[in-house]
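Down below is the structure, laid out as structure tokens.
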Amino acid sequence: MQAVIFDVDGTLADSERDGHRVAFNLAFEELDLPYRWDVEPYGRLLAITGGQRRIQSYLEGQGVGEDERAALAPRLHARKTELFQELVAGGKVGARPGATELVDELDQAGVRLAVATTGSRAWVEPLLERLFGPDRFSPVITGDEAPERKPDPSAYLLALEELGLPAPEALAVEDSANGLRAAHDAHLACIVVVNDYTADDDFDGAELVVDSFEALDLATLRQAGDGRLERHWRG
Ligand code: XBP
Ligand code: MG
């Protein structure tokens with residue numbers, strides 16, 4: 001295993017419940033819209049990857065016509081992205097416990113670190129820099145570059161292409177069923193670190209499913225990446 005490709009939202013960063021969700025609601029409020037995404041229903045909306053598509057789908061469910069949706073969703077998402085950038089700059093979005101330690105351990109062992117996320121580059125770069133320091137990941141593939149969003153594998157395929165590695169030489173780390181499917185469709189072994197929103201997802205086929213980064217270390221990742229991990233457990 002020469003490289004680990006990390007997902008961002010819900011994986012490296014605890015970014016959804018108190019981050020993206022709050023930014024969406026602030027944008028709804030600013031545009032005088034009656035919508036609010038509470039904690040529990042937001043978990044269901046996460047099945048739709050990509051914030052703008054999530055908004056489009058929600059507006060359709062609210063009976064908003066196609067033309068109005070086409071005009072409103074990009075505006076809402078652009079403002080939400082600015083508001084999320086402000087949350088990031090204000091230190092309101094943290095790394096998941098154990099994530100920085102694992103990234104440092106991999107880095108010190110000479111394992112290459114990359115990112116493949118559905119999120120928007122406008123906030124991905126500043127968030128990664130704030131949580132892990134400058135230029136820790138290369139490549140950083142975001143929803144802006146990937147032709148399709150997860151569960152489509154394109155973000156991971158692009159990351160492998162830029163790494164110049166075949167899938168068996170890398171390992172994906174994800175938090176959700178959408179992410180696991182994207183990794184597996186790119187023929188990557190994948191470890192899942194579940195979170196409150198994804199604990200009940202279907203992770204069939206994951207090399208390993210754990211509840212926290214604290215259950216992971218370099219040796220475990222190497223075993224999973226080299227396909228030598230027999231056990232499938234929640235550590
Ligand atoms: C998670 C997503 C993103 C975020 C919101 O991406 O689906 O859409 O929820 O970010 P991943 P944007 O788990 O692949 O990192 O509003 O910028 O899409
Ligand atoms: Mg995720």
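First listed ligand is number 1; within each ligand, the first listed atom is number 1. For this chain, numbers begin at 1 and follow the sequence in order.
Just one of Asp201, Val194, Ile191 meets the side chain to side chain contact (heavy atoms under 4.5 Å, CB included) condition when paired with Val209; it is Val194. Here the options are Leu221, Leu218, Thr100, the test is side chain to side chain contact (heavy atoms under 4.5 Å, CB included), and the partner is Glu105; only Leu218 passes.
Contacts with ligand 1 closer than 4.0 Å are made by side-chain heavy atoms of Arg54 only, the backbone lying farther away. Here Arg149 has no heavy atoms under 4.0 Å from ligand 1, in either its backbone or its side chain.
Scanning the protein for heavy atoms near atom 8 (O) of ligand 1, the closest one is Gly50 N, 3.0 Å. Summary of contacts: the protein heavy atom closest to atom 9 (O) of ligand 1 is Glu16 OE2, 2.6 Å. Scanning the protein for heavy atoms near atom 15 (O) of ligand 1, the closest one is Thr117 OG1, 2.5 Å. Nearest protein heavy-atom neighbour of atom 17 (O) of ligand 1: Ser120 OG, 2.6 Å. Regarding atom 18 (O) of ligand 1, its nearest protein heavy-atom neighbour is Gly51 N, 2.7 Å. Ranking the protein heavy atoms by distance from atom 10 (O) of ligand 1 puts His20 CE1, 3.5 Å first.
Side chain to side chain, Asn178 and Ser176 fail the donor-acceptor criterion of an N or O pair below 3.5 Å. Using modelled atom types, one finds a donor on one side chain and an acceptor on the other under 3.5 Å when comparing Glu145 with Thr142.
Within the structure, ligand 1 has Trp123 among the residues with a heavy atom less than 4.0 angstrom away. Residue contact annotation: Glu174 has no non-hydrogen atom under 4.0 Å from ligand 1.
Residues Arg136 and Asp104 are paired through a salt bridge, judged by an N-O separation under 4.0 Å between the basic side chain and the carboxylate. Note on Asp175 versus Arg96: no salt bridge recorded, every NZ/NE/NH1/NH2 to OD/OE distance being 4.0 Å or above.
Atoms of ligand 1 found under 4.0 Å from any heavy atom of His77, numbered from 1 in the order shown, are 12 (P), 16 (O), 17 (O), 18 (O). Atom numbering of ligand 1 starts at 1 in the shown order; those under 4.0 Å from a heavy atom of Lys150 are 14 (O). Atoms of ligand 1 lying under 4.0 Å from any heavy atom of Thr49, numbered from 1 in the order shown and given with element: 7 (O). Taking a cut-off of under 4.0 Å to the non-hydrogen atoms of Asp7, the atoms of ligand 1 that pass are 11 (P), 13 (O), 14 (O), 15 (O).
To the nearest 0.5 Å, the span separating CZ on Phe24 from NE2 on His77 amounts to 5.0 Å.
Of all N, O or S atoms in Asp7, the one lying closest to the Mg ion (ligand 2) is OD2. Within Asp9, the N, O or S atom at minimum distance from the Mg ion (ligand 2) carries the name O. For Asp175, the N, O or S atom closest to the Mg ion (ligand 2) goes by the atom name OD1.
Between Asp9 and ligand 1, an N or O atom pair is found at a separation short of 3.5 Å.
Of all the heavy atoms in Ala122 and Thr81, the pair that sits closest is CB-CG2, 3.8 Å. Of all heavy-atom pairs spanning Phe213 and Val193, the tightest one is N-CG1, 3.8 Å.
Using a 4.5 Å heavy-atom threshold, the side chains of Val111 and Leu171 count as separate.
For Asp226, the CG atom is densely surrounded, since the number of other residues' heavy atoms within 6.0 Å is greater than 12.
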